[in-house]
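Start at 1 with the first residue, then count along the sequence. Remember, predicted model here, so these are calculated numbers, not experimental data. Excluded from the calculations below are hydrogen atoms, water molecules and symmetry mates; all remaining heavy atoms, backbone and side chain alike, are included.
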Amino acid sequence: MANTNIKKVKTTDLELKDKLVAVQRVTKVTKGGRHFSFAAIVVVGDENGIVGYGLGKAGEVTSAISKGIEDAKKNLVKVPLNKRTIPHEQEAKFGGARVFMKPAAPGTGVKAGGAMRAVFESAGIQDVLAKSKGSSNPHNLVKATVHALLEMRDAYMVAGVRGVPMNKVFNG
């Protein structure tokens, strides 16, 4: 089900923190020899429900990282949070990477792999249980995790879609 509630966010007056997920050395073989460059995937967020990811490519690592940060700032989205965790269980797939996540009790922490952990921490999710299945490619894992977070619906969104007051969502 495609989520039509995707909320793009502007970068104005946000304290964004960036996390480097992965850097890869890429080789292009030409008739003149090998040409090396770098690709960096970066996640940025305000640790309060706003997160974005970006890919930067350049001849030097630092340039690739800064390009990735700029790209991530252009792709910021708002994800629903339930206090410090996610509202409900969710699965998503991107390419060969499949992710599964479920809410956790307060104090559990972020139980997730490297690429997923960066997304959760940037979004401000502090208690979550997550599992990645299939491909461990960090690019696809980050995209699958953000896609799963965008599919989340909190109780206010459900009440709005159903056209009922909030107390009816839980009582029946």
Side-chain angles (χ1 to χ4, degrees), residues 2-3 5-81 85-86 90-102 104 108-152:
N3 191 347
N5 298 330
I6 296 174
K7 297 179 188 82
K8 288 275 188 180
V9 178
K10 300 277 190 265
T11 57
T12 53
D13 27 282
L14 284 177
E15 288 287 323
L16 295 175
K17 296 180 181 158
D18 53 87
K19 289 189 186 297
L20 177 64
V21 177
V23 177
Q24 294 176 317
R25 189 176 80 170
V26 182
T27 308
K28 178 180 180 183
V29 180
T30 63
K31 70 177 186 179
R34 294 187 181 104
H35 178 75
F36 298 107
S37 61
F38 296 90
I41 187 157
V42 182
V43 176
V44 299
D46 72 342
E47 296 179 354
N48 197 19
I50 294 175
V51 68
Y53 66 90
L55 176 65
K57 299 179 197 175
E60 296 178 13
V61 175
T62 53
S63 303
I65 292 171
S66 60
K67 283 184 181 181
I69 292 170
E70 291 305 312
D71 188 36
K73 287 180 181 177
K74 293 175 189 170
N75 298 315
L76 290 176
V77 290
K78 177 101 173 111
V79 297
L81 298 179
T85 188
I86 56 178
Q90 188 68 42
E91 287 187 52
K93 182 178 177 188
F94 191 94
R98 296 193 327 264
V99 296
F100 173 75
M101 55 189 75
K102 69 190 254 185
T108 304
V110 177
K111 303 291 185 202
M116 293 175 72
R117 175 180 293 272
V119 175
F120 290 137
E121 289 174 352
S122 294
I125 299 169
Q126 297 173 340
D127 298 308
V128 67
L129 302 169
K131 181 71 182 162
S132 65
K133 304 169 188 170
S135 172
S136 61
N137 176 350
H139 295 265
N140 287 346
L141 271 179
V142 166
K143 291 174 185 175
T145 306
V146 171
H147 180 67
L149 289 174
L150 287 175
E151 293 291 315
M152 294 276 178

Closest non-hydrogen atom pair between Pro138 and Ala22, with its separation: CG-CB, 3.8 Å
Would the distance check show the side chain of Lys67 and the main-chain N or O of Lys57 forming a donor-acceptor pair, the cut-off being under 3.5 Å? yes
With no hydrogens and no angle check, is any side-chain donor or acceptor of Asp71 less than 3.5 Å from a backbone partner on Leu55? yes
Which pair of heavy atoms, one from Ala104 and one from Thr85, lies closest together, and at what distance? N-OG1, 3.4 Å
NE2 on His35 to OG1 on Thr30, rounded to 0.5 Å: 8.5 Å
Student check: side-chain heavy atoms of Leu16 and Leu76 closer than 4.5 Å: yes
Residues forming a salt bridge (Lys or Arg N to Asp or Glu O under 4.0 Å) with Asp18, sequence neighbours excluded: none
Any chance you could measure Gln90, atom CD, to Lys102, atom NZ, to the nearest 0.5 Å? 14.0 Å
Value for CD (Glu151) from CD (Glu91), rounded to nearest 0.5 Å, stands at 12.0 Å
Kindly give the heavy-atom pair with the smallest separation between Leu81 and Ala123, and that separation in Å. CD1-O, 3.8 Å
Nearest 0.5 Å please: distance from the CD atom of Glu60 over to the OG atom of Ser66. 9.5 Å
Can you see which heavy atom on Ala130 is nearest to which on Ala112, and at what distance? CB-CB, 3.8 Å
Partners passing salt bridge (Lys or Arg N to Asp or Glu O under 4.0 Å) against Arg98 (at least two apart in sequence or in another chain): none
Does the side chain of Met101 reach to within under 4.5 Å of the side chain of Ile86, using non-hydrogen atoms? yes
Residue pair Ile125 / Val110, side-chain heavy-atom distance below 4.5 Å: no
Could you tell me whether a side-chain N or O of Asp127 sits under 3.5 Å from a main-chain N or O of Thr108, the two making a donor and an acceptor? yes
Of all the heavy-atom pairs spanning Ser136 and Leu141, show the shortest one and how long it is. O-CD1, 3.9 Å
Rounded distance [0.5 Å steps], CD1 in Ile41 versus NZ in Lys143: 6.0 Å
Give the minimum heavy-atom separation between Ser63 and Ala58, together with the two atoms involved. CB-CB, 3.6 Å
Is there side-chain contact between Phe120 and Val51, with at least one heavy-atom pair below 4.5 Å? no
So Met116 and Val99, side chain to side chain contact (heavy atoms under 4.5 Å, CB included) or not? Walk me through it. CA-CA 9 Å; Met116 293 175 72; Val99 296; 3.9 Å; yes
Are the side chain of Ser122 and the backbone of Val119 linked by a donor-acceptor contact shorter than 3.5 Å? no
